K.L.:
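Just passing along the structure, written as structure tokens.
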Amino acid sequence: MTHNSWYVNKKIMFTFRVNVVFFRLSWRMGLLSTLKSLFICHLIIGYVFLVSGLLINLLQVCTLPVGLVSKQLARRINIRLGYCIASQVVAVLEWWSGTECTLYTDPKSYPLYGKENAIVLLNHNFEIDFLCGWTFCERFGVLGSSKVLAKQELAYVPVIGWMWYFLEIVFCKRKWEEDRRLVAQSLQNLRDYPENYWFLLFCEGTRFTPEKHQASMQVAESKGLPKLKYHLLPRTKGFWMTVQNLRGTVSAVYDSTLNFRDNETPTMLGVLNGKKYHADLYVRRIPLELIPEEEKECAAWLHKLYQEKDELQGAYEKTGLFPGPKTSPPRQLRTLMNWLFWSCVVLYPLGLMLTHVISSGSALTIIAAVVVSSAASVAVRWMIGQTEIGKGSKYGNREVPPNTNGSS
Ligand SMILES: CC/C=C\C/C=C\C/C=C\C/C=C\C/C=C\C/C=C\CCC(=O)SCCNC(=O)CCNC(=O)[C@H](O)C(C)(C)COP(=O)(O)OP(=O)(O)OC[C@H]1O[C@@H](n2cnc3c(N)ncnc32)[C@H](O)[C@@H]1OP(=O)(O)O
Ligand SMILES: CCCCCCCCCCCCCCCCCC(=O)OC[C@@H](O)COP(=O)(O)O
């Protein structure tokens, strides 16, 4: 064999091997994505979430007597129990769907994230924006203690809503006259919270739809405010009340803007099907001292901020990037470990029960098992429905004259 033909043979062999490796890899990846789309996998994930979640809710109820002895101890326990639930949903985003999250922020502010109390302002147009928020909370160590001003309806959602009761989440009916006293009281309660938290405010008050956008721009026009293209007109009362009640315990406002690469509109079902998204989050830290104290000035400040956010979104639409330095805080193994732990806790008894049901051969027991698992699957599907914009509320659908409300 001449040196030349030896060289050609070597090259062919190398190319062949590379192709085999590539084929195996893509076959495995194909297999993996098929696996991720299987209903049985979704059923298992949903079952683990639902059953372990209810179990954790029960443990939370048991912290009530602890609270009578030591309020701070009960709060710390609930932060950890809350983590066990929220972290499961985060694990599905990070490890199952493999969604990547990039943070665009000033490197000088970065070391403060997770080390101080903050009010987070976020745009509200994606079905999984809350989940991306949770992912960042996880990566900065404040997932269990994270807070939100949430609509009252979410308090009744099993597992998450019930967990929120013990985490002292602030609920509102989006009817100012009814809300103002209770919201102020709930915010005051957070003043001695024992661990660092981020308090999330979706100032737009509802998810973006073209109809809600049109209605809110009519309000903007009637108030002589500039029109926004990518946001609804922010509701200012909740923000003012939060700043007023948490001043002195919260250090900053994190003005955050979320977007997804390639114009993706991510969904919870997409995540469950293992679809990988790429989230970009721009965060600007604003010291709380810079926020005006007086209500009117505070409202004007917020309107100005949303005009700036709108410009930022416009720039993202053109360039596909946010400005400034970026970083990707790594996903943590602990979310996966937490999921595996709760899977073992609830799947082992399920396995035993199924073996018993099948070996019993009793038609009645088998039918009962099918009915229970169908009910669990319907319950999880209903919960996912809570995240879907198409099934959202009518709040903000039309311009509401002052002193009435559009909450329904
Ligand atoms: C480093 C990383 C940084 C960040 C990481 C990011 C995030 C992580 C942080 C934390 C995560 C934590 C938890 C996440 C988990 C889950 C969250 C899930 C979901 C919960 C979300 C919700 O439920 S959103 C809905 C509830 N929340 C809100 O509504 C908040 C905003 N709303 C307000 O503040 C309101 O003011 C209010 C609710 C307090 C009261 O509402 P109400 O409607 O009664 O009164 P308003 O004063 O607002 O309305 C009357 C005024 O509005 C004008 N108007 C009338 N019609 C419209 C219209 N269509 N659009 C706009 N404006 C309208 C009207 O003219 C009145 O004007 P005034 O001049 O009189 O004020
Ligand atoms: C481990 C993974 C298990 C997967 C299956 C379980 C899925 C669980 C999904 C979480 C369920 C409930 C979380 C509620 C968060 C909803 C966030 C939200 O965005 O609410 C909307 C409000 O802001 C405004 O409401 P609208 O006026 O737009 O209407």
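Just so you know, residue 1 is the first one in the sequence shown, and it goes up from there. Atoms within a ligand are numbered from 1 in the order they appear, just like the ligands themselves. Keep in mind that what you see is a predicted model, and the values were worked out from it rather than measured.
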K.L.:
Is it true that Asp255 and Lys309 have a side-chain N and a carboxylate O under 4.0 angstrom from each other?
P.N.:
yes
K.L.:
If you count the atoms of ligand 2 from 1 in the order shown, which ones are under 4.0 Å from a heavy atom of Gly392?
P.N.:
29 (O)
K.L.:
For Phe208 together with His213, are the ring centres under 6.0 Å from each other?
P.N.:
yes
K.L.:
Does any N or O atom in Trp164 lie less than 3.5 angstrom from one in ligand 2, N or O only?
P.N.:
no
K.L.:
Are any of the N/O atoms in Trp339 less than 3.5 Å from those in ligand 2?
P.N.:
no
K.L.:
Under 3.5 Å between some N or O of ligand 2 and some N or O of Asp129?
P.N.:
no
K.L.:
With backbone taken as N, CA, C and O and side chain as the heavy atoms from C-beta onward, which portion of Lys175 lies under 4.0 Å from ligand 1: side chain, backbone, both, or neither?
P.N.:
backbone
K.L.:
Near Phe202, which atoms of ligand 1 are under 4.0 Å from a heavy atom of that residue?
P.N.:
21 (C), 28 (C), 30 (C), 31 (C)
K.L.:
Would you say Asn259 and Gln313 are linked by a side-chain donor-acceptor pair, where the criterion is simply a distance under 3.5 Å?
P.N.:
yes
K.L.:
Between Arg284 and Glu308 (salt bridge meaning N to carboxylate O under 4.0 Å), is one present in this structure?
P.N.:
yes
K.L.:
Which protein heavy atom lies closest to atom 4 (C) of ligand 2, and at what distance to 0.1 Å?
P.N.:
Leu272 CD1, 4.1 Å
K.L.:
Considering heavy atoms of the protein only, find what lies nearest to atom 29 (O) of ligand 2 and give residue, atom and distance to 0.1 Å.
P.N.:
Ser393 N, 2.7 Å
K.L.:
So is there a nitrogen or oxygen of Lys237 less than 3.5 Å from a nitrogen or oxygen in ligand 1?
P.N.:
yes
K.L.:
Looking at Glu195 and Arg80, is any side-chain nitrogen of the basic one under 4.0 Å from a carboxylate oxygen of the acidic one?
P.N.:
yes
K.L.:
Counting heavy atoms only, which of Trp198, Phe130, Tyr113 is nearest atom 2 (C) of ligand 1?
P.N.:
Trp198
K.L.:
Has Leu154 got any heavy atom lying under 4.0 angstrom from an atom of ligand 1?
P.N.:
yes
K.L.:
So which heavy atom in the protein is nearest atom 28 (O) of ligand 2, and how far is it from that ligand atom?
P.N.:
Arg207 NE, 2.7 Å
K.L.:
Just heavy atoms, cut-off under 4.0 Å: does Glu153 contact ligand 2 by side chain, backbone, both, or neither?
P.N.:
neither
K.L.:
For a quick check under 3.5 Å, do Thr102 and His278 share a side-chain donor-acceptor pair by atom type?
P.N.:
yes
K.L.:
What I want to know is whether Tyr395 and ligand 2 share at least one N or O pair that is separated by under 3.5 angstrom.
P.N.:
no
K.L.:
Do the charged groups of Arg235 and Glu204 touch, with an N to O distance under 4.0 Å?
P.N.:
no
K.L.:
So Asn57 and Leu54, side chain to side chain contact (heavy atoms under 4.5 Å, CB included) or not? Walk me through it.
P.N.:
CA-CA 5 Å; Asn57 284 160; Leu54 292 173; 4.1 Å; yes
K.L.:
For ligand 2, indicate whether the residue Lys151 contacts it via side chain, backbone, both or neither (heavy-atom separation under 4.0 Å).
P.N.:
side chain
K.L.:
Could you report the tightest heavy-atom contact between Gln307 and Pro226, atom names first, then the distance?
P.N.:
NE2-CD, 3.3 Å
K.L.:
Quick one: does ligand 1 sit under 4.0 Å from the side chain of Ser256, the backbone, both or neither, non-hydrogen atoms only?
P.N.:
side chain
K.L.:
Shortest non-hydrogen contact from Leu312 to Thr257?
P.N.:
CD2-OG1, 3.8 Å
K.L.:
Suppose we call two aromatic rings close when their centres sit under 6.0 Å apart. Are Phe239 and Trp301 close by that rule?
P.N.:
yes
K.L.:
At the 4.0 Å heavy-atom cut-off, does Glu178 count as touching ligand 1?
P.N.:
no
K.L.:
Evaluate Arg174 for polar contact with ligand 1, using N/O atom pairs at a separation under 3.5 Å.
P.N.:
yes
K.L.:
Is the Phe140 ring parallel, tilted or perpendicular to the Tyr110 ring (thresholds 30°, 60°)?
P.N.:
perpendicular
K.L.:
Determine, for Glu138 against Arg334, whether the closest basic-nitrogen to carboxylate-oxygen distance falls under 4.0 angstrom.
P.N.:
yes
K.L.:
Using a 4.0 Å heavy-atom threshold (strictly under), name the region of Tyr197 that reaches ligand 1: side chain, backbone, both or neither.
P.N.:
neither
K.L.:
Return yes or no for this condition: an N or O of Thr236 is under 3.5 Å from an N or O of ligand 1.
P.N.:
no
K.L.:
State whether Asp106 and Arg285 are salt-bridged, where the test is any N-O pair (Lys NZ or Arg NE/NH1/NH2 against Asp/Glu carboxylate O) under 4.0 Å.
P.N.:
no
K.L.:
Does the pair Lys275/Glu264 count as a salt bridge with the N-to-O cut at 4.0 Å?
P.N.:
yes
K.L.:
With the threshold set at 4.0 Å, does a side-chain nitrogen-carboxylate oxygen contact exist between Asp192 and Arg75?
P.N.:
yes
K.L.:
If you measure every N/O of Lys151 against every N/O of ligand 1, is any gap under 3.5 Å?
P.N.:
yes
K.L.:
Which ligand 1 atoms are under 4.0 Å away from a heavy-atom of Val219?
P.N.:
54 (N), 56 (N), 57 (C), 58 (C), 62 (N), 63 (C), 65 (O)
K.L.:
Considering Pro234, Cys101, Gly133 one by one, which has a heavy atom nearer to atom 8 (C) of ligand 1 than any of the others?
P.N.:
Gly133
K.L.:
Using 30° and 60° as the class limits, which term best fits the ring planes of Tyr282 and Phe322: parallel, tilted or perpendicular?
P.N.:
tilted
K.L.:
Out of all atoms in ligand 1, which are within 4.0 Å of some heavy atom of Ser146? Include the element for each.
P.N.:
12 (C)
K.L.:
List the atom of Trp96, the atom of Val271, and the distance in Å for their closest heavy-atom pair.
P.N.:
CD1-O, 3.4 Å
K.L.:
Among all protein heavy atoms in this structure, tell me which lies nearest to atom 23 (O) of ligand 2, with the distance rounded to 0.1 Å.
P.N.:
His124 NE2, 2.6 Å
K.L.:
Would you check the N or O atoms of Leu149, main chain and side chain alike, for any that come under 3.5 Å of an N or O of ligand 1?
P.N.:
yes
K.L.:
Side-chain donor-acceptor pair under 3.5 Å between Tyr230 and Glu317, yes or no?
P.N.:
yes
K.L.:
What do you reckon, does Tyr110 put a non-hydrogen atom under 4.0 Å from ligand 1?
P.N.:
no
K.L.:
Can you name the closest pair of heavy atoms from Tyr306 and Cys203 and give their distance?
P.N.:
OH-CB, 3.4 Å
K.L.:
Considering non-hydrogen atoms only, spot the tightest contact between Lys147 and Leu167 and give its length.
P.N.:
NZ-O, 2.9 Å
K.L.:
Measure from atom 10 (C) of ligand 2 to every heavy atom in Ile160, Leu154, Leu50 and give the option owning the shortest one.
P.N.:
Ile160
K.L.:
Does an N or O from Tyr395, backbone or side chain, lie closer than 3.5 Å to an N or O of ligand 1?
P.N.:
yes
K.L.:
Just which atoms of ligand 1 are under 4.0 Å from any heavy atom in Gly396?
P.N.:
59 (N)
K.L.:
Do any nitrogen or oxygen atoms of Thr387 lie less than 3.5 angstrom from nitrogen or oxygen atoms of ligand 2?
P.N.:
no
K.L.:
May I ask you to decide if the ring planes of Trp164 and Trp134 are parallel, tilted or perpendicular, using 30° and 60° as cut-offs?
P.N.:
perpendicular
K.L.:
Taking atom 60 (N) of ligand 1 as the point of reference, which of Cys137, Ala86, Ser216 owns the nearest heavy atom?
P.N.:
Ser216
K.L.:
Hey, which atoms in ligand 1 end up nearer than 4.0 Å to a heavy atom of Ala150?
P.N.:
20 (C), 22 (C), 23 (O), 26 (C)
K.L.:
Return a yes/no value for Trp134: is any of its N or O atoms, backbone included, closer than 3.5 angstrom to an N or O of ligand 1?
P.N.:
no
K.L.:
Taking only heavy atoms of Lys147 into account, list the atoms of ligand 1 that are under 4.0 Å away from them.
P.N.:
12 (C), 13 (C)
K.L.:
Does ligand 1 have a heavy atom under 4.0 Å from the side chain of Val183, from its backbone, from both, or from neither?
P.N.:
neither
K.L.:
Looking at Met383, which atoms of ligand 2 are within less than 4.0 Å of one of its heavy atoms?
P.N.:
11 (C)
K.L.:
Any N or O on Gly238 sitting closer than 3.5 Å to an N or O of ligand 1?
P.N.:
yes
K.L.:
Could you work out, for atom 25 (C) of ligand 1, the closest of Pro329, Ser222, Gly205 by heavy-atom distance?
P.N.:
Gly205
